[in-house]
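Here's the structure we're looking at; comments come further down.
Residue numbers start from 1 in every chain, and the chains themselves are labelled A, B, ... in the order their sequence lines are given, proteins ahead of strands.
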Amino acid sequence: MESRRGHELHLAGITQRFGDYVAVRDIDLKIGAGELVALLGPSGCGKSTLLRIISGFMPQTEGKVFFDGEAVDHLPPNKRGVGIVFQNYALFPHMTIRQNIAYGLEVQRVPAARLKTRVDEMLDLVHMGEFAERYPRQLSGGQQQRIALARCLAVDPKILLLDEPFGALDKNLRLDMQIEVKRLQREYGITTVLVTHDQEEALSMADRVAVMSRGRIEQIASPTDIYDRPETLFVNQFVGSTNVLPGIAGEMAGAGQQVTLACGERIALAEGSRLATGAQVQVSIRPEHLTLQTAPLDNAITGVIKAVMPLGPQVLYDIAVGDGTDIKVSVPRKRGDEFLLSGTRIFAAPVPPAGYRAFPV
Amino acid sequence: MSTASTTRLTLPLTALFAVCFVAPLCVLVALSLAAGPDGGVATIGHYAAFVGDRFNASILFDTLWLGVKATLVCLLFGFPVAWICARAHVRWQSVLIFLVVLPILTSVVVRTFSWIVILGRHGLLNQIVLGLGLADEPLRLLYSEAGVIIVLAQVQMPLMVLPILTVLSRIDSNLFDASQALGAGQWRTLWRVAVPLSMPGIIAGCILTYAASITAFVTQTLIGGARLIYMPLFIYQQAVGANNWPFAAAISVIFMVAVLVVVAVLNGFGRRFEKHV
Amino acid sequence: MNSRNAFSRRDFLMAGSALGLGALLPGLARAAGEELVAATFPGTWNEAHRNILKPAFMKGIDASVVQSIILGTDQISRLEAAKGGTPPFDVAIFDSPQVLDAVKQGLIMEYPVAKSPHYGELLPAFQDKWGPKISMQVIGIAYNPERVKTPPTRWEDLWDPRYKGRVGLTALNSQLGIAFLAELNRIKGGTDADFGPAFKALRELLPSVGAIAANLGAYATLWQQEQVDIAPYNFNFVQTLKGKGVPVEFVVPETGPVGWQTSMHVVAGSRVPELATRYIDTHLDAAVQAAMMKPPYDVIPTNGKVALQGAMTQTIARTQADLEKIRGLDWAALNPQRSALIDRFNREIRA
Ligand SMILES: Nc1ncnc2c1ncn2[C@@H]1O[C@H](COP(=O)(O)OP(=O)(O)O)[C@@H](O)[C@H]1O
Ligand SMILES: [Mg+2]
């Protein structure tokens, strides 16, 4: 396999309307050569629409699509050089595996001998050589997926688009395939857009994750930043789980800003917050970023343990705080540790470098 | 379901089938073996008479061949119509399907007579041709085989379009997108993906159109006239005009067998595609 | 559309008679009480029977009548299928050739002359012990006066090169087709045993022939669409077309009118023979025949008391005496040859 340079994808001001409904709103996105970007968001947020625009199946209402700096909007799907793997794989049921993989090469009029070597090469790549003469319906879901990928990669597409590719697989197989696809993508250095509504998939596979909501990109960042430094409450809530407490922003106190929570506590936010004094805010802290203690702690929220849930490597505590709201705290379980008991009065505070984050309402 | 109750359920159907189809068929075969109009010793003379005469055989051949031509023309126009229907926006789809089905809602006689008005010497088509100066004399469209084929193709169009449409609309549209994404244009996608996958519908449509076309007495006689003799008119003339029922029965049986052979061949062809869909 | 009706009934008959249902169904359909089922021909015949005969028949009696449109040949088939059971209708209407078949097969009974008061008023030529003649069909040349400027006078005019591609013919499954062929044969010197001269003439005519209709329904359409301009045709059908505004005229060639008769019969095995006789007798009534003689029916009368009027007096017969002189055809000789003639005709004309 030759190593190849990936291609850059640039979406500039893309908007898609269906009548009055805006499915995709003013998207700007630059994806570097060989990068894998995941579009993550709830169902209906416009992920597939964006893929259809990139692949040319749907002309966008506004904006431009560039491959390597060249606009491709005038090109029909069969001229764009985009490879797509569909959720249901869309293998041609009347063709053998070999014929499926050869299809795109035949379109390019690749000579017979080269075509055969190429198909064999692709079959080897996905470890499916012995299945060449079978029909798609004779393969399992995972096998079909590999073929779909091989068929796609055989024609050397500029951009690889994966639309919920693992949705139809069961959990164990899904993990295997995610690793496999990641391997192929790396090996090929192919610029890839992965659409998914599964945050674990996005976080584990992508170089960068674009979290979408209602047609917009809320945040685009590395998986770590998305998880640890969400820029909006939506991203914070959609990726991982979090405790949300209403409050009112106060004065700056040293590095962090003060917030008075509805439950009566006064806490200091992590560094870098700049909220208008007196503004209504939502304070967010992840369960695993909190620690519990019976003795008083700095910058803590106080409460009473309502329930204890040992979840394997973690213990999850459900804690009632002042005004009747609950927060959850997840504590790693160490050998020999005793659980805290229900009814115990405790203090919960962020473990540095994590801290409270606040978003304006 | 237990076999006993299955049998009980299928029994009335089987009986109905026997009474409505097998029994008349037996009578037909028996009649075809009768020596004269009043019965008499069984004979295969009528079959021998038919087969031994090249004129008769040529009528059979022409009829089967007419069916092939009408079916091909019907397919040529019917497939694109079905394709457009299947790929149309939902809002248009129902309108298009209604337009396709519309001919079924009018009697075949009415449709055929409308075609007479269109194809006649002073008909619409000839007025256009003469008006545009494309010909000096009116074209002979009525009472020609070309006319019969055109009208058969139109009259039987729903029989072709509906089965194809049914199959086409069941095909996962991602397959068409996948084909295009792999670089194939519309035509290649149509030919390599849509056509093979809709083969069961195409075969079903062809069988229906074929069977309907070769037995279309009304259209064949009204558009074709008496000089183009096809099997239905031939049988009718022998039975009613010449009162030669045994011979009419014999050629009916021969016609039926010939048609069954064609249908069986088509069916066997279709079976090869069925397993993929 | 008549041809279509005939066909679907035929389908049904074939299936029904095959199952022996032919005999069963009419029995089921027949309601208790006095109901007469009478066959009638499609087209103007049906209209004349519905508008004139039926009201005249119903006057003063408590019975109902169903008029069922069936071609003569189909009537024969249906009666044959129902033989031994209750016949599907009580009154048959035939053209001359079918009467012979019906008598031979025992499908009709002798007409009870004594119970038919108007029978005696018929001209002698129209009296028949198997059933009275109710009218005549006469053939001649029909032409489109807009395109054939000089009216034809002889059958030979059909061969005139001026009419190349515009001559019409009909297949031999109608009386018209057979009668034309027989008359042609006679003029060309053939005999009933030798149709060679007719077919030779036909072969010479073929290049001029624009269309050969498979049945009379299609034949009428040819005229309506002006697909043909000159052709042999029945006097009555021409009158019907004229009534619809189709440009067509009728002439009797100088060799004289040729025709056959139409008659009505009581079907053998009818449960209501008296009613059937009464129905037929009504058709013989001078008043009924006079009414049917008027356009749009133009039915040629057979009752000697009816004075001829209208179109028929200009072409076919000025007086009753002329009617009796119209040449008939020897159906006894023609009927057995029908199958052979059709076959030969098919081979000659096949495109
Ligand atoms: N062709 C279309 N016509 C109208 N609305 C559409 C069309 N395609 C998608 N939509 C709408 O646009 C929104 C985004 O759809 P989609 O991109 O498929 O979402 P997802 O993020 O689940 O892939 C949805 O509300 C959907 O109903
Ligand atoms: Mg989607």
Side-chain angles (χ1 to χ4, degrees), chain A residues 18-19 48 51-52 54-58 75-96 99-110 134-138 144 147-165 168, chain B residues 75 79 82-84 86-94 163-206 266-277:
Chain A
F18 298 114
S48 296
L51 275 204
R52 293 184 70 74
I54 297 171
S55 52
F57 285 111
M58 187 182 278
L75 294 176
N78 57 327
K79 296 269 165 17
R80 282 205 187 180
V82 168
I84 309 177
V85 174
F86 295 88
Q87 178 166 3
N88 63 356
Y89 320 129
L91 296 178
F92 303 123
H94 57 299
M95 297 182 196
T96 61
Q99 289 166 335
N100 262 282
I101 297 177
Y103 187 87
L105 298 167
E106 282 168 19
V107 174
Q108 296 179 351
R109 299 181 201 287
V110 173
R134 298 221 189 154
Y135 283 95
R137 82 200 115 86
Q138 297 168 319
Q144 290 190 32
I147 301 304
L149 205 58
R151 179 177 72 175
C152 206
L153 294 177
V155 292
D156 224 341
K158 290 184 177 144
I159 312 281
L160 179 62
L161 304 179
L162 308 169
D163 193 354
E164 313 252 4
Chain B
L75 179 61
F79 190 90
W83 174 252
I84 290 165
R87 299 282 281 178
H89 194 279
V90 227
R91 212 175 328 151
W92 292 108
Q93 205 163 35
S94 45
I164 297 180
L165 179 58
T166 309
V167 175
L168 271 181
S169 51
R170 275 203 314 246
I171 298 176
D172 174 13
S173 66
N174 280 346
L175 293 178
F176 305 133
D177 289 353
S179 167
Q180 280 199 64
L182 288 167
Q186 292 280 359
W187 286 110
R188 187 187 290 263
T189 301
L190 192 71
W191 188 244
R192 292 285 312 271
V193 181
V195 170
L197 286 179
S198 51
M199 227 16 154
I202 292 175
I203 303 270
C206 285
L266 274 174
N267 230 341
F269 194 59
R271 188 109 352 117
R272 291 181 34 207
F273 290 91
E274 214 118 78
K275 56 176 193 243
H276 304 305
V277 184

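Residue contact with chain B, scored on non-hydrogen atoms closer than 4.5 Å, is absent for R80(A). In this structure, chain B has a heavy atom under 4.5 Å from the side chain of V155(A), while its backbone stays farther away. Proximity to chain B is limited to the side chain of Y103(A), based on heavy atoms less than 4.5 angstrom apart. With a threshold of 4.5 angstrom between heavy atoms, Q87(A) does not approach chain B through any atom at all. In this structure, chain B has a heavy atom under 4.5 Å from the backbone of L91(A), while its side chain stays farther away.
Between L175(B) and F92(A), the shortest heavy-atom contact is O-CE2, 3.4 Å. The two residues A184(B) and N78(A) come nearest to each other via the heavy atoms O-CB, 3.2 Å. Summarising the geometry of A178(B) relative to A90(A), their closest heavy-atom pair is CB-O, 4.0 Å, with the distance given to 0.1 Å. Considering every non-hydrogen atom in both V107(A) and G183(B), the closest pair reads CG1-O, 3.2 Å.
Residues meeting the ring-ring contact (aromatic ring centres under 6.0 Å, His included) test with F18(A), sequence neighbours left out: none. For F79(B), there are no ring-ring contact (aromatic ring centres under 6.0 Å, His included) partners at least two apart in sequence or on another chain.
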Next on the checklist: Pair I84(A), D177(B) - check side-chain contact (heavy atoms from CB on, under 4.5 Å), show working.
Outcome noted: CA-CA 9 Å; I84(A) 309 177; D177(B) 289 353; 5.8 Å; no
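Classification of E106(A) and R188(B) as a salt-bridged pair fails, no side-chain N sitting under 4.0 Å from a carboxylate O.
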